[in-house]
Asks: 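So that we are looking at the same thing, I have put the structure below in structure tokens.
Numbers here are sequence positions counted from 1.
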Amino acid sequence: MNLQIGLFLYIVVIFSAIIHEYTHGWMANRLGDPTAKQMGRLTLNPIAHIDVFGTFLLPLFLLLVSAGSVFIGYAKPVPFNPFNLKKIRRDTALIALAGPSANLSIAVILGLLLRFFGGMLAWGGIMNFIPWIIFINVWLCLFNLIPVPPLDGSKILMSALPRAQAIAFGKMFGPLGIFVALLVAYLVLFPLAGFIFKLILGFALL
């Protein structure tokens with residue numbers, strides 16, 4: 001992968017992550033918690049979601065030192081106050097699920113447009129870029145559903161567990177949770193994301 005493609009993928013990841021975080025805030029607001037709105041995070045303006053380390057320093061450093069072959073990036077998580085929710089466990093799970101659902105929706109909508117109206121999207125070579133956007137959003141959806149703290153999948157799982165087990169699970173991985181998730185992602189998620197990509201579009205990415 002060359003540096004130019006890497007930079008394009010970096011932009012897609014960051015904007016997809018911003019939509020992901022916005023949707024968390026939108027769902028929380030719908031369920032009675034205005035925290036994200038009050039903090040100016042209920043917006044698609046990238047400036048409101050930028051995390052200096054996760055959005056710029058880490059991904060750009062990895063892109064440069066790997067010549068575009070490795071990239072990891074994220075937007076600043078949208079906060080919510082569970083005590084504003086009517087049914088804390090159910091609504092927390094819905095808020096957590098909203099982000100991955102947004103990424104999957106992007107993938108499915110673009111995939112169906114490309115699959116059935118690909119000829120109309122051929123102008124300017126844009127059709128060459130859409131498959132990557134689809135794949136990245138499928139991957140982000142799956143990655144965030146890994147049931148390891150602090151990812152969304154852990155919040156969904158903990159909402160379904162009895163309180164004592166949920167607390168124990170939340171402490172199980174500690175600060176190593178994200179590294180466990182990354183290991184799972186690179187061992188399992190790429191082929192799984194490729195399979196879902198093929199289901200949506202009818203052909204493999206590579």
Asks: Quick check: are there more than 12 heavy atoms from other residues, nucleotides or ligands sitting under 6.0 Å from CZ of F15?
Replies: no
Asks: Share the residues that join L145 in a hydrophobic cluster, the rule being Ile, Leu, Val, Met, Phe, Trp or Tyr side chains under 4.5 Å apart at the heavy-atom level.
Replies: L97, I156
Asks: With rounding to the nearest 0.5 Å, note down the distance linking CG in L114 to CD1 in I109.
Replies: 13.5 Å
Asks: Would a hydrophobic clustering, with Ile, Leu, Val, Met, Phe, Trp and Tyr connected at side-chain separations under 4.5 Å, put V52 with V13?
Replies: yes
Asks: Which distance, rounded to the nearest 0.5 Å, do you find between the CG of L182 and the CG of L176?
Replies: 11.5 Å
Asks: For residues 28-59, which residue pairs pass the ring pair (Phe, Tyr, Trp, His ring centres under 6.0 Å) check, not counting sequence neighbours?
Replies: none
Asks: Minimum heavy-atom separation for A17 and A75, please, with both atom names.
Replies: CB-N, 4.0 Å
Asks: Test side-chain contact (heavy atoms from CB on, under 4.5 Å) on I196 and L142; report intermediate values, then the result.
Replies: CA-CA 10 Å; I196 295 174; L142 295 174; 3.9 Å; yes
Asks: Between atom CZ of F203 and atom CZ of F197, what is the distance when rounded to the nearest 0.5 Å?
Replies: 4.5 Å
Asks: For the atom pair CH2 (W132) and CG (L9), what is the distance rounded to the nearest 0.5 Å?
Replies: 6.0 Å
Asks: Would you please test L112 and L201 for side-chain contact (heavy atoms from CB on, under 4.5 Å) and show each step?
Replies: CA-CA 7 Å; L112 293 177; L201 280 172; over 6 Å; no
Asks: Does T43 offer a backbone N or O that forms a donor-acceptor pair with the side chain of K37 under 3.5 Å?
Replies: no
Asks: Let me see the working for I200 and V138 under side-chain contact (heavy atoms from CB on, under 4.5 Å), right down to the final yes or no.
Replies: CA-CA 10 Å; I200 296 172; V138 170; 4.2 Å; yes
Asks: Do I19 and L94 sit in the same hydrophobic cluster, where Ile, Leu, Val, Met, Phe, Trp and Tyr count as joined when their side-chain heavy atoms come under 4.5 Å apart?
Replies: yes
Asks: Looking only at heavy atoms, what is the nearest atom pair of L151 and S154, with distance?
Replies: O-OG, 2.6 Å
Asks: Using ring-ring contact (aromatic ring centres under 6.0 Å, His included) as the criterion, list what pairs up with F83, not counting sequence neighbours.
Replies: none
Asks: Are L140 and I95 connected in a single hydrophobic cluster, I mean Ile/Leu/Val/Met/Phe/Trp/Tyr linked by side-chain heavy atoms less than 4.5 Å apart?
Replies: yes
Asks: Check the hydrophobic clustering (I, L, V, M, F, W, Y; side-chain heavy atoms under 4.5 Å; chains of links allowed) and say if I136 and L44 are grouped together.
Replies: yes
Asks: If you compare all heavy atoms of M27 against all heavy atoms of A98, which two are closest, and at what distance to 0.1 Å?
Replies: CB-CB, 3.7 Å
Asks: Treat each ILVMFWY residue as a node, draw an edge where side-chain heavy atoms are under 4.5 Å apart, and state whether V148 and L189 are in one component.
Replies: yes
Asks: Please list all pairs passing the side chain to side chain donor-acceptor pair (under 3.5 Å) test where one or both residues lie in residues 143-153, with sequence neighbours left out.
Replies: H20-D152, H24-D152
Asks: Measure the acute angle between the ring planes of F135 and F190, then classify it against the limits of 30° and 60° as parallel, tilted or perpendicular.
Replies: parallel
Asks: Would you please name every residue forming a side-chain hydrogen bond (donor to acceptor under 3.5 Å, both in side chains) with S16, sequence neighbours left out?
Replies: N137
Asks: Among residues at least two apart in sequence or on other chains, which ones pass side-chain hydrogen bond (donor to acceptor under 3.5 Å, both in side chains) with T23?
Replies: none
Asks: To the nearest 0.5 angstrom, please state how far the CZ atom of F80 sits from the CG atom of L31.
Replies: 10.0 Å
Asks: Who pairs with I14 by side-chain contact (heavy atoms from CB on, under 4.5 Å), at least two apart in sequence or on another chain?
Replies: Y10, I18, T55
Asks: Mind checking side-chain contact (heavy atoms from CB on, under 4.5 Å) for Q165 and listing every partner two or more places apart, or none if nothing turns up?
Replies: L161, P162
Asks: Would you name the heavy atoms of G25 and A36 that are closest together and state the gap between them?
Replies: CA-CB, 3.8 Å
Asks: For R41 and K76, indicate whether the former's side chain and the latter's backbone hold a donor-acceptor pair under 3.5 Å.
Replies: yes
Asks: Please enumerate all residues that pass side-chain contact (heavy atoms from CB on, under 4.5 Å) together with L183, with sequence neighbours excluded.
Replies: L187
Asks: List for me each residue that meets ring-ring contact (aromatic ring centres under 6.0 Å, His included) alongside F143, sequence neighbours excluded, and say none if there are none.
Replies: W139
Asks: List for me each residue that meets side-chain contact (heavy atoms from CB on, under 4.5 Å) alongside L104, sequence neighbours excluded, and say none if there are none.
Replies: V108, C141
Asks: Looking at OG of S101 and CD1 of I106, how far apart are the two atoms once the value is rounded to the nearest 0.5 Å?
Replies: 11.0 Å
Asks: Report the C-alpha distance between L42 and Y22 in whole Å, list the side-chain angles of each, state the deciding distance to 0.1 Å, and finish with yes or no for side-chain contact (heavy atoms from CB on, under 4.5 Å).
Replies: CA-CA 6 Å; L42 198 58; Y22 166 83; 4.0 Å; yes
Asks: For a quick test of reading the model, state the closest non-hydrogen atom pair linking L157 to P147 and the distance between them.
Replies: CD2-CB, 3.9 Å
Asks: Would you mind listing every side chain to side chain donor-acceptor pair (under 3.5 Å) that reaches into residues 82-100, with sequence neighbours excluded?
Replies: D33-N84
